[in-house]
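The sequence lines fix the lettering, A, B, ..., with proteins before strands; numbering per chain opens at 1.
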Amino acid sequence: MRYEPLRRRTFLRGCGALVALPWLEAMMPTRASAQTSQAPKRLLSCYFPYGAVDNGFAPSAFGPTVTLPFMLSGSAAHQRRLILTRGLQNSVAYRHAHYGAAPGFMSGSRVANAGPGCDGTPFMAGGTSADIKIHNHFVRTTPGLVHIATGNSKCAEDSTNGFCDGPGSGQAIVAGYQNKLSWIDARTPASHVFGAQALFNRLFSSLPPSTTPPSVNVNAAADFKKRRGKSVLDSVLAQANALKARLVSSDRQILDQYFTGIRSIEAQLVVSNPQQPMPQPAMQCTAPATPTSNLSPNVENNLILDLIALAFVCDRSRVASNFLDTEGSGYRVMNFLGHTDNFHVLSHFYEQGGELASRRKAQFIAGTKYYADCMAHVMNKLSSYPEEDKDVLFNTFIVFGSGEYSHGYADLPVVLAGEGGGTMRTGQALNLQGQPLSNVYFTIMKKMGLPDSSHGNSTGMLAGV
Amino acid sequence: MRTLLWSTLVALLWACEGELRGGLVDSTPSQGRPKRPGTTGTPPEEFEEDEELPSACDEAIPSERLNFVNVHRLNKVEYRNTFTDLFGVDHNPTAAFPTESRSPFTNTAVALTVDPDLGVELFSQPLAVLDKVLASPARANVLTCEPGTAPAPNGSTEGVNPFNAITALSYSSMVGVMPANGSVGYFNPGDFLRYDNLNFGSVGPTQMRLEVSVDPAYAGGRFEVRENCTTASDGTVLGSLTMASTGGWDTFVTRTIQVTPVTGLKTLCIVAASGPADGVGNIKSFSFVGTQVVTSSPPASQLTHRACAEKVITDFGVRAFRRPLSASEVTQFLSLYDATRLIYPAVATGLGPIFDESIKAPLHAMLVSPQFVYRIIDVPAGTTTKALSAHELAARLSYFIWGTTPDATLSALAANGSLLSREVMVQQVDRMLKDQRSLYLVDAFAVQWFGVDKFLAKQKSATEFPEYTPALKAAMLTETRMLFQQVLREDLSLHHLLTSRTTHLNAELARFYGVTGVPQDGTFVKVDIGATARRGILGHASVHASTSDELNSSIVKRGLLVLDQITCESVGSPPENVPALPEEAGQTRTNPRQLLEQHVRNPACAACHTRIDPPGFVLETFDAIGRYRTRYPSGDVIDTRGRLNSGEDVGTISDVVEAISKGSRYNLCASRKLMTFAFGRFLNASDACATERLGLGFARPTDRFSDLVKQIVVSDPFLNQSRGE
C-alpha cells in the first residue's frame, strides 16, 4: 500500500473525537518546504459594482509596494500580502456596462447572451467561469466540497428586465444575469445563494448529524429508498437518448443540461455501508448560530465573509465567489453610511461641478472605500486561523475588485491578496496595462494545479508573481 | 390603407430596436429615422397612407422560424399549479426553487435553465409530494385502483406458478440466510425467505412439498409457511414442517406437509420458527401439490396488483405527459414497478405497503421525465414545420391562459381531436377566460408586464416616508391587480389599463391619495377618479414606487417604462463609457430635470433621452412612494412639460394617456407583450406579420381582451411549430 500522509480532511472529520489525543505525526508533511504548503489552496473572489473614482485601487508606482492607495488603507496591516495592479481590462465582456461586468468577471467572456438568441439562432459565447473550473477540479478528488456563490440578501435585486436586441442580432439578455458571477456554461448561471441565512444553511445545515448510528431497520428502509431512487434516475436517463435523438442540437443541449442537473442527486443515492461509520463533522464546523434575517447589508456582508472563512477552515469549501453588491443591488442607498443618493446615481454624477456633485463624489468614494474595507475584514478573519506554521490566508488566493470602471471595461480596480500556499509573490505592484482579467484567473488556475492551457480570453500567465 | 399604415409602424418598431440596440445611434434623429435593416433608401419622416411600403405579411416568412421553442421547461408557478391539478392538493413543491428572472416574463424558455441545485429539487420534490399524497385521502387522485387479493383474471397465468418446483434460491427477499451448494442454509430461528407473486389460481392446494436437508446433530427444528408476510412473525401460518434428520447436510429429502388452501396472487414466506442456531435446516426447492386453475374473474374493483399498477401508470401517464403514453412507455414504467417490488425489504420500518412503495417508482420517474418537466413539441426530422397535434395545442392553450396542465374538458377535446377546429378553440378561450383560473394572468402577465410589484423588494427611507407601511404597500399592489382583474372579468380592452377613470381603493390607499368616502373596514371599492393625475395605471402609486429608489423618483426609469412597456419604442442600452459630465463654471442647477437636460446636451445621449425623458417629466408629479406633489423637496416647482416622441406636447398624465391611446403604438405594443407571454420567448422578425394582424384586430379601444387572446390562439405561430436547427 502506498504511503500517504493523512489528509487534512480526515483529520478535521475526526476532530471531535481527538481533542484529548496527542498531535498525529502523520499530519505533518514529511518534506514540507519552507515556502509551499500542503494545506489545500482556496480561492475567494469578491466583487463590487461600478468601479472606483480614478481607479483608487491602482498603485502610483510599480515594484515593491511602498505606499498603499488611500482606498486600501484599511488593509495596511496586510500590506505585504497584497499585489496591487493597474491596467487590467475585460473588454470582451462588453455588452452594456451593468449586464456584462459580473458575468464576464471570472469567465473572461461575454456570457450574458442567453443561449438561443431571440430569433432562435443558437448562440454560444463565453463559457465556464474560473471558480467553477477550480471547484470541479477539487471535487474530483475531494467529493463533498461545496461551491459558494453568494452575496447579501439584496443581491438578487434586479433593476432591469431582460430584452431582445431585435431581429438578426441574435442577442438576448436574460434579466438577472448581471447578478451572476459563477457560470456552469455559457447559458447556465450556477446557483447563487444570496443572504447569510441561506448561505449558512447551504454550508452547515447539511453536515451529517453526529448522532448514534441509525438502527438496522431504518437503514433497510433508507437503502430501499436509495436503490429505488437510483432505479428511477437510471430509468429516466435511459429514456433520454431516444428522446434526444429526435431533437435538434440546441434542444438536445437544453436536455443535456437538465440531465446533468438531476444527476447531481446521484451522490445521495449511494447505499450506505453499515461497516463504515457516518463521518463526523469537524469540531470547528459545528458552526455559528444561524444568522438572523433583515440585517443591514454591511453587517450581513461581514457575516457572509466570516461564513466563507469558516467554510475554508473546515474544508467545507475551497472556492467562494462573493458579491458585496451586484450591478442590480447597487441601485440602493447605502443608509449605513448616511448616503443621500443611491450608489448607482453617485457613480454617474460625481464629476459634475457644484456643491451637490462634490457631496456625491465624497459619498461615492466612501461607498467604494467601504467595499475595500470588506477585504480588510476578510483578510483579518482568514489570518486569524492558523494553519500548519502559517495561516489560512497564506493558503488562499483573493481576487478583489469590480468588473467595470466608469461604466467601461478598461483599467479595472482589481487587487490580489494571499500567498496562494506560497505560490504568489505578494508585496508588490504590477503594471498589467492592457492585459485581460482572464490572465489573473488563468495564473491562479495553474498555481492551483489545473491542467488547462488557457482560460476565457487569457493570453498567458501574469509575469512576476 | 389601414394595412399600409400598420406595416410602416411594424417595420419601424423593428428598425428602431435593431439599430439602436446595435449601437448605431443617430445623433440627429429629427433629420432622418433609423432604417429597417436590409432595406434601401431613407424612409420618409411622416407616415402617409398612400406610401407604397409592403405589409409585413407580404414578405415571405421563413417558415422554419414560425415558432421554435420546442423544449420549454415549466416555470415555478406552472410546475406548482400542475402538481396541484394532478394531485388535487397543493404541497408547494417549488418552495426551494431559485427565483426566476423576468425576461421579460418568467415563462421565457431561454432563461429557464437548470443548475445542479434545481436539478436536485426537480428530482426530490416529486417523491416528497408522492409520499404525502399516497398517505392521504388525495391518493384516490393518483391511484385509480387499489390492488385486490382476488384470483388472477380468467385465463391469466400472471406471476409464478407454485404448482411447479420453485428453487429456494429464487427468493424475492430474505433475512439472515446464505446460499450454500444450490440451496439455502444457515437458518437461525427468525430467519426467513420470501417469495412474491405466487399465483395459486382459483383452487387452492392442500399439500406442499419441500426439498430439505438437516444433519442428525441439528434435527428437531421447525419451519413455518406463512402467507402475506413482511416480518418473521406476521402473516398467516399455512402449515409447518418439523425437521427430522435427512442423514446429513448434503442429503436432500422431499417432505410433504398439509397446508391451509389459499387462492389468487400471494406472497409466501418460509420461516425458521425454532431450532438450533445457524442450523434449522437447508432448503433446496418447494412446490404445491395439484395444478394451477385460473378460471374465475375478479370483481372489477379488485385488480391484481400488477394490473392495477398498469392502470395507474396509464391513467396518471396521460395527465402527467399531457398525452397518452405509448405502449413502450407503459412497458418501461411497468418494469420499473416490477423491479422496485423485488427490492422491497422484508423487514424495515418507515415504509408504506409494498404496492404503494413500488408504484411510487414509475410515478416518480414520470414526474422527473423531461416529458413532464418540459413541454416538448416533437417536430419530426426532415420536417421544417408542422401543425401542432390536438394534445400539444391543449397544453399550449392551458399554460397560456391558466398556467397549468389541461383540465378534463380540454383533454377530452384533445383526445377526440375536435380541438383542432378553430371554432372549438375560440369557444374554449371564452370558457377559459371566464374560469377563475384565468386570474393567473394577473400576476404572470400584467404585473410582470409593467413591473408594478418591483417596489415590494425595494427599501424606502423610513424617515422620509413614515406613511409607507406594509398595509399601504399591500394596498398599492392590490389596486393595480384589481385594475387588470376588471379587464379580465368584464372583458374590457387593454386600453382600459391606461385610460380608466375609475380605480379600486381601500381606506388606507384612499387616505394616501386624498380621496374621501371610502369605507373604513379595509375593503376595496370602485372609486370614480375622473381624468385626474391618478387616472389609469400611470397614476398608480405601485408604478411610481417601482420606478424610484429609496429617496428619489427616477425620470429615466419612468420614461423607460412608458417607452419599453406602453409604446414599445425601446431605445436599448446606453453606449459604452458614458462620460461623466464636464464641470460647468458657476452651475447651480440641481433639480433632477435640470441635471438631465444638461446630460442631453451631449449628442450621444440626446438621441435616446429626447425620447425617454418627456413622459418621465410628467410623472415627476409623484415622489418615490407615489405621493402627489407639485414641488421638489428643495422648493423648485416641478416642470412637467415636454414633447413626446410622437409629437404631442404634454403636461399632465391625462395628456400622455390621450396622446398614447389615440395613436396606434399602444395597440401594437400590447399585442406584442401578450404574444411574447403566450409564446414564452422573445419575438422575432417572423412574428411581425402575426403581430401586425393582431394590432389591426385590436385597433379599436372597444375591442375586448378576449378578442386579442382569440387572435393569438388562431395565429400561425400559435398553431404551428418549426423544427429549428
Checklist entry - Would B:S461 and A:V333 count as a side chain to side chain contact (heavy atoms under 4.5 Å, CB included) if you check the C-alpha gap in whole Å, the side-chain angles of each, and the deciding distance to 0.1 Å? => result CA-CA 9 Å; B:S461 162; A:V333 177; over 6 Å; no

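Distance check: A:I262 CD1 to B:E121 CD gives 13.5 Å after rounding to the nearest 0.5 Å. Rounding to the nearest 0.5 Å places CZ of A:R332 at 7.0 Å from CD of B:E550. B:F333 CZ to A:S235 OG: the interatomic distance, rounded to the nearest 0.5 Å, is 6.0 Å. Summarising the geometry, atom CD1 belonging to B:I376 is positioned 6.5 Å from atom CG belonging to A:L247; distances are rounded to the nearest 0.5 Å. Atom CG in B:D378 sits 7.0 Å away from atom CG in A:L243 (nearest 0.5 Å). Within the model, atoms CG of A:N342 and CD of B:Q459 stand 12.0 Å from one another, a figure rounded to the nearest 0.5 Å.
Each of A:A240, A:S191, A:A190 has some count of heavy-atom pairs under 4.5 Å with chain B, and the biggest count is that of A:S191. The candidate from B:L118, B:L336, B:T99, B:L127 with the greatest count of non-hydrogen atom pairs under 4.5 Å with chain A is B:L336. Among A:K225, A:R228, A:H192, the residue with the largest count of heavy-atom pairs under 4.5 Å with chain B is A:R228. Of the listed residues (B:L112, B:N552, B:L122, B:V368), the greatest number of heavy-atom pairs within a distance under 4.5 Å of chain A belongs to B:V368. With chain A as partner, the option from B:R73, B:Q332, B:Q371, B:E464 having the largest number of non-hydrogen pairs under 4.5 angstrom is B:Q332.
Minimum interatomic distance between B:I343 and A:F224 (heavy atoms only, all atoms of both residues): O-CD1, 3.4 Å. Pairing each heavy atom of A:G261 with each of B:V114, the nearest pair is CA-CG1, 4.3 Å. Considering every non-hydrogen atom in both A:A220 and B:P345, the closest pair reads O-CG, 4.1 Å. Shortest non-hydrogen contact noted between A:V232 and B:H364 is CG1-ND1, 3.7 Å.
Side-chain contact check for B:P116 versus A:T260: every heavy-atom pair is 4.5 Å or farther apart. Under the 4.5 Å side-chain criterion, counting only non-hydrogen atoms from C-beta, B:P370 is in contact with A:V236. Taking 4.5 Å as the limit, every side-chain heavy atom of B:T113 sits out of range of all side-chain heavy atoms of A:Y258. The shortest distance between side-chain heavy atoms of B:D549 and A:H344 does not fall below 4.5 Å.
With a 4.5 Å cut-off on non-hydrogen atoms, A:Q257 touches chain B through its backbone and its side chain both. Of the atoms belonging to A:F259, it is side-chain heavy atoms, and not backbone ones, that fall under 4.5 Å from chain B. Using a 4.5 Å cut-off between heavy atoms, B:V69 makes no contact with chain A at all. Both the backbone and the side chain of A:L233 come within contact range of chain B, each with at least one heavy atom under 4.5 Å from a heavy atom of that chain. Contact of B:A339 with chain A is not made at all, since no heavy-atom distance falls under 4.5 Å.
With a 6.0 Å radius and a threshold of 12 heavy atoms from other residues, nucleotides or ligands, A:R252 has its CZ atom above the threshold.
Applying the salt bridge (Lys or Arg N to Asp or Glu O under 4.0 Å) test to every pair with at least one member in residues 359-374 of chain B, sequence neighbours left out, gives these pairs: B:D131-B:K360, B:E357-B:K360.
Under the salt bridge (Lys or Arg N to Asp or Glu O under 4.0 Å) criterion, B:D115 pairs with no residue, sequence neighbours left out.
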